[in-house]
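See structure below.
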Amino acid sequence: MQTAHYQQARLTRDPRFDGRFFVAVTSTGIYCRPICPAPLPKEENVRYFDSAVAAAEAGFRPCLRCRPDSAPASWAWKGTDTTLERALRLIDEGALVQGSVSRLAERLGISSRYLTRLFQNGTGTSPKRYALYQQLLFAKSLLQQTGLPVAEVAFAAGFGSIRRFNDCFRERLQMTPSDLRRQPGKAGDNGELTLFLSYRPPYNWQHLRDFLRPRLIPGLEWITDHSYGRSLTLDNGQHGYFTATHDAARHGFRVALHLSQPTVLLPVVRTLRRLLDLDADSGCIDDHLRPLLASLGGPVPGLRLPGTLSLFEAGVRAILGQQVSVSAAHKLVAQLVEAYGQTGPGPTGEMRLFPSPEVLAETDLAELRLPGRRKQTLIDLACLFRDEPQTAADPGRWLQLSGIGPWTVQYARMRGLSESDIWLGGDLGVQRALRQHDVTFDPAAAAPWRSYLTLNLWSLT
DNA sequence: CGGAATTAATG
DNA sequence: CATTCTCCTGGG
């Protein structure tokens, strides 16, 4: 995109460009989202950056009004380098909070030297600096949105020491954490954290809600016309729940989050954003699919890809959905959760947690009305997750288990990893839609958004 | 704030 | 790959 488009978008404060670029003002040293309500700066004082980090590297600090830390994420980097994109994703999932840069490079199958080169070219900064800045922006949003004590904010954002947190914060954001401490007034925690998570319109909440509704597992999830919530189980064994309420006017969700203990929150928020598919570029995706779906009335505008909480859950739902209707699969999942899901305190009394691999690996699934072979497949998958989590993290490796074929793997990738380019050509629902509407097209033309093509076809039946 | 030990960036 | 530079954290 060229400067003329940026200019147009900022002058109209177009929310469809929120998070896709940032506007830095040389006269103030501050950078903003294109939607910033502040008076429009003169063009001669404006510089455009395609990421917040890039603006920071040029010496600008985030605006306190439009809060660039709350902008939806954008993966649309100029170089469209898939390795770099994967690296950015992994870092955003916390790869550098726990592991080292060399470990990340190893995971990506490249040398750490090459990784830093990719970063220098693509983002204008180094991996560590990029990661640190994401942590700082997240900390900033917590300071402004919640009443969490500063020390807990540091911890939640993945810092190991307050000292270092303060230093970095000062240096990169040009203010201190206590400067940003929310004004007193709003009550402290009763264990609840309220966050606002924004998206880039269009966002088709009705469609997402109507997708989730027939799949809703009682006790595990809850839904109203304007909200969706569910229980959470975290990697560290912690549990909690959230309720996300849609706010169309503000282009986002107000999320109430309850966790059993304070924890590193960054990955939790990433997961919530993935569940609701907040970072998708619906405008681009819809434009891309429009020619293919023209004879069907065009794509569903703002269609989002609903994720599952974990890859394991996606795998379980996929196995239970093999060769059966949505409602039959739904009954099975509900039975499974009812029989094997632990209970915990929820928003309205008892709540169910999705059964863990450890629990399912130890059971015979006698409670479930399911062919014995399929039960065994489920148990095998649970064992894989329990015994070899590294292997289980790649659905491609599940194929070695009997009873798991390409459909299951692809479904799990689409819902559990939110991969955007999954074409479920063999899926019954997709085939029925294609037959009913008598369409022929080459799904390859939808790349890299074939998951959204699949969803569009599902919505036709 | 300063310094030691470790890790990351770079030619 | 080796040198320089930055990050990280405990303790004062």
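Sequence lines set the chain letters: A, B, ... in the order given, protein chains first and strands last, and positions in each chain run from 1. Note that the structure is predicted; figures quoted are calculated from it, not measured.
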Practice task
Have a look at A:S100 and say if it touches a base, only the backbone sugar-phosphate, or nothing, with a 4.0 Å heavy-atom cut-off.
Solution key: sugar-phosphate
Exercise for the section: Using atom types as modelled and distance alone, determine if a side-chain donor or acceptor of A:T146 lies under 3.5 Å from a backbone N or O of A:L148. Expected result: yes
Handout entry: Main-chain N/O of A:A447 paired to A:H288 side chain as donor or acceptor, under 3.5 Å
Key = yes
To the nearest Å, give me how far apart [atom1] ([X]) and [atom2] ([N]) are.
X: A:I162; N: C:dG11; atom1: CD1; atom2: P; value: 15 Å
X: A:F159; N: C:dC8; atom1: CZ; atom2: P; value: 8 Å
X: A:L115; N: B:dT7; atom1: CG; atom2: P; value: 17 Å
X: A:L136; N: C:dC8; atom1: CG; atom2: P; value: 10 Å
X: A:N166; N: C:dC8; atom1: CG; atom2: C1'; value: 14 Å
X: A:L96; N: C:dT6; atom1: CG; atom2: P; value: 18 Å
X: A:R164; N: B:dC1; atom1: CZ; atom2: C1'; value: 15 Å
X: A:L132; N: C:dT6; atom1: CG; atom2: P; value: 14 Å

Practice task
Enumerate, in order of first residue number, the stems that involve DNA chain C, defined as 3 or more consecutive Watson-Crick or G-U wobble pairs with both distances under 3.5 Å.
Solution key: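 Detected stem regions: B:8-11 with C:1-4.
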Handout entry: Heavy atoms of other groups near A:E44 CD, more than 12 under 6.0 Å
Key =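 Above 12, so yes.
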Problem - Mate of B:dA5 where both pairing distances stay under 3.5 Å, Watson-Crick or G-U - result: none
Practice task
Indicate, with yes or no, if the rings of A:Y228 and A:W222 have centres closer together than 6.0 Å.
Solution key: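 No; A:W222 has its ring centre 6.0 Å or more from that of A:Y228.
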Practice task
Measure from the side chain of A:T116, starting at C-beta and using heavy atoms only, and say which of B:dA8, B:dA9, C:dC7 lies closest.
Solution key: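 Closest of the options to the side chain of A:T116: B:dA9.
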Handout entry: Residue met sooner reading DNA chain B from 5', once A:R163 and A:Q120 are mapped to nucleotides
Key = A:R163
Problem - NZ/NE/NH1/NH2 to OD/OE distance under 4.0 Å, A:R274 and A:E93 - result: no
Handout entry: A:R273/A:D279 salt bridge by N-O under 4.0 Å criterion
Key =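 Here A:D279 pairs with A:R273 in a salt bridge, since their nearest N and O are under 4.0 Å apart.
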Exercise for the section: Can you label the angle between the A:Y411 ring and the A:W407 ring as parallel, tilted or perpendicular, going by 30° and 60°? Expected result: parallel
Practice task
Would you tell me if any nitrogen or oxygen in the side chain of A:K128 comes within less than 4.0 Å of OP1 or OP2 on C:dC8?
Solution key: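 Yes, within the criterion.
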Exercise for the section: Look at A:R113 and B:dA8 and indicate whether a side-chain polar atom (N or O) is within less than 4.0 Å of OP1 or OP2. Expected result: no
